[in-house]
Amino acid sequence: MMKIVYTGEMDPRLCKNVLGETIPALAERDPDVVYLDADLMSCIGTGKWAGANPDRAVNCGIAEANMVGVACGLASAGCKPIVHTFGPFASRRCYDQAFLSGGYAGNDITIIGTDPGVTAALNGGTHMPFEDVALYRAMPGATVIDVTDPTLLISVLSQCVDRPGVKYIRVGRKQYAKVYEEGSELPIGRAVTLREGTDIAIFAAGIMVHEAMQAAKTLEAEGVSAAVVDMFTIKPLDEEAVASWAKRCGAVLTAENHNKYGGLWSAVSEVLAQRCPVPAGYVAVEDEFGEVGPQGYLQERFGLTAARIVEQARAVVARK
Amino acid sequence: MEAATKKQLQALAVRIRMAALEAIHSLGSGHLGGALSIADVLAALYGGEMKVDVNNPKWPERDKLVCSKGHAGPAVYGTLAVKGYFPYEELKTLNRPGTRLPSHCDRNKTPGVDMTTGSLGQGTSLACGMALGDRLKGRDARTFLIVGDGESNEGQVWEAMAFAAAKGLDNLVVLLDWNKRQLDGWTEDVYPMGDYVAKFEAFGFDTVKVDGNDVEAVAQALERTRRRGGKPYAIVLDTVKGAGIQEVADTAMNHSIPVSDEQFERWTAQLKAELEGLEG
């Protein structure tokens, strides 16, 4: 079952609470699931359950590289590890371990990196990964997910547990606009068309899905018909969706909470270049480091807004 | 230890040295020094201490070996070949295109290799996860982790040691190959790490130091790790890089060295003579 219920309203659930409920639920459903964290259990509400289930939850202390290695060792022993820490530590800090002890060695693990990009907000530039997608995209066989809303988070997390390879899920801990009806199942690797359109196709991921939907409304009022496609799986990319929408609309825009290098824009461009070269553009971070501030300010600061999508969409359509 | 058992282990160590030498010579050069230094501990492990089944290398209940100094692959392969995990002749495929015996250990390629290693330090955390996994699964199995002394420059080693102690992984046995040399020279000159025994003790390990090239001493140290006392075990193996072939041991920079046909034949003859002395 999958139902789109987007209205622009926020989903009342905080993703940190969704993680705090979903991880224990998965562990209770499957005796092989083991949860590991690096002293951030309290940030996603798993601490209480972990304390009561020390044989299923491992606090690895503030040592992320070791945590990922331990998770890979657990995988070789037949466990299904779910690892959590903040995005920069779940990507840059432990990349070599995820790459070699995980991907290369054939140990299947799920890594959750919370607070991607500007959602790191008040933790600031040191905690603000704009490159995590690029890193995990470059890992052979990895799966890379940018979460759209709490319902999608639950769906992909339960799929990742049994999916081979290294799975990287980036998700903010706060609220997202509600896109999918609760209980919807979103198969990994399949893009979801949220809105039909004929003039330009906007491929969006993560918090930018909501911005893209708002932008499409504005564009419609201006007489530009924009399709919006949720590209929550950045790897493996739904190449058919990219090619078919590019053919139908003849123009493409991507929108992501990430550096313009190596993320969704790169992934979509690779498909366009090979299969359907059409005018295309992006809304992404212009190769900068993060900085501190409220998320709203940061979205303005880095151009991750509906207004920016409208502007860039107009420019791309003008090139048709 | 009975004299016959001791001789068997000593003979196995010689066979492992011969096999590692054969593999490396087939290629012309390789990581001979650090392969030779761990031949005795491998003999003690696969000569009786480890619970393994050569016919079922992936048996979940088995004891596991992680050779975190993955460049000592030829010593591990030599051991596995001698024990019959794959044909002895296959040793000569080391590093050849399509081989099952890559320079560094690979669990997906070589029958009997329990974990992929090579990027130094990473095997330590993997071994912790394997030991923890066995514990969570209720298996009566131990994980043996061979770490190089040069390798222990890597911070990840000490993150993993802290983890092992914090989680009371008493089914983990860390075997530190204190062979005193690393790629660039003597560890005391390149990057002195201080007193390993004191370090492991401070981390909360049940720690002993033994002559790591005395297979009987190693076997006895391993035997006492069968008891589960709530602490992980560390055995600091006082070894010589190149042990068992005097010329290699006497070569100062012996991390990775060429092996000529003449050297191979001479060293093999020496090892064979040693073997005959042990086996009669």
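- Gly133(B) approaches Ala77(A) most closely through the heavy-atom pair CA-CB, 3.8 Å.
- Val34(A) touches chain B through its side chain: at least one heavy atom from C-beta onward sits under 4.5 Å away, while N, CA, C and O do not.
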Short donor-acceptor contacts under 3.5 Å linking chain B with chain A:
residue: Arg107(B); atom: NH1; partner: Ala105(A); partner atom: O; Å: 2.7
residue: Arg107(B); atom: NH1; partner: Gly106(A); partner atom: O; Å: 3.2
residue: Arg107(B); atom: NH1; partner: Asn107(A); partner atom: OD1; Å: 3.1
residue: Asn108(B); atom: ND2; partner: Ala105(A); partner atom: O; Å: 2.9
residue: Ser119(B); atom: OG; partner: Asp96(A); partner atom: OD2; Å: 3.3
residue: Gln122(B); atom: OE1; partner: Ser101(A); partner atom: N; Å: 3.4
residue: Gln122(B); atom: OE1; partner: Ser101(A); partner atom: OG; Å: 2.5
residue: Gln122(B); atom: NE2; partner: Asp96(A); partner atom: O; Å: 3.3
residue: Gln122(B); atom: NE2; partner: Asp96(A); partner atom: OD2; Å: 3.0
residue: Ser125(B); atom: OG; partner: Asn66(A); partner atom: OD1; Å: 2.7
residue: Lys137(B); atom: NZ; partner: Asp32(A); partner atom: OD1; Å: 2.4
residue: Lys137(B); atom: NZ; partner: Gly78(A); partner atom: O; Å: 3.4
residue: Arg139(B); atom: NH1; partner: Ala77(A); partner atom: O; Å: 3.1
residue: Arg139(B); atom: NH2; partner: Ala77(A); partner atom: O; Å: 3.0
residue: Gln156(B); atom: OE1; partner: Gln97(A); partner atom: NE2; Å: 2.7
residue: Glu159(B); atom: OE1; partner: Asn66(A); partner atom: N; Å: 3.1
residue: Lys167(B); atom: NZ; partner: Asn59(A); partner atom: O; Å: 2.7

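- Ser256(B) pairs by the side-chain contact (heavy atoms from CB on, under 4.5 Å) definition with His31(B), not counting sequence neighbours.
- For Arg226(B), the salt bridge (charged side-chain N to carboxylate O under 4.0 Å, His left out) partners are Glu49(B), not counting sequence neighbours.
- Leu132(B) touches chain A through backbone and side chain together, each having a heavy atom under 4.5 Å away.
- With sequence neighbours excluded, the residues that form a side-chain contact (heavy atoms from CB on, under 4.5 Å) with Ala164(B) are Cys128(B), Leu169(B), Leu172(B), Phe205(B), Pro232(B).
- Neither the backbone nor the side chain of Ala71(A) comes within contact range of chain B, judged by heavy atoms closer than 4.5 Å.
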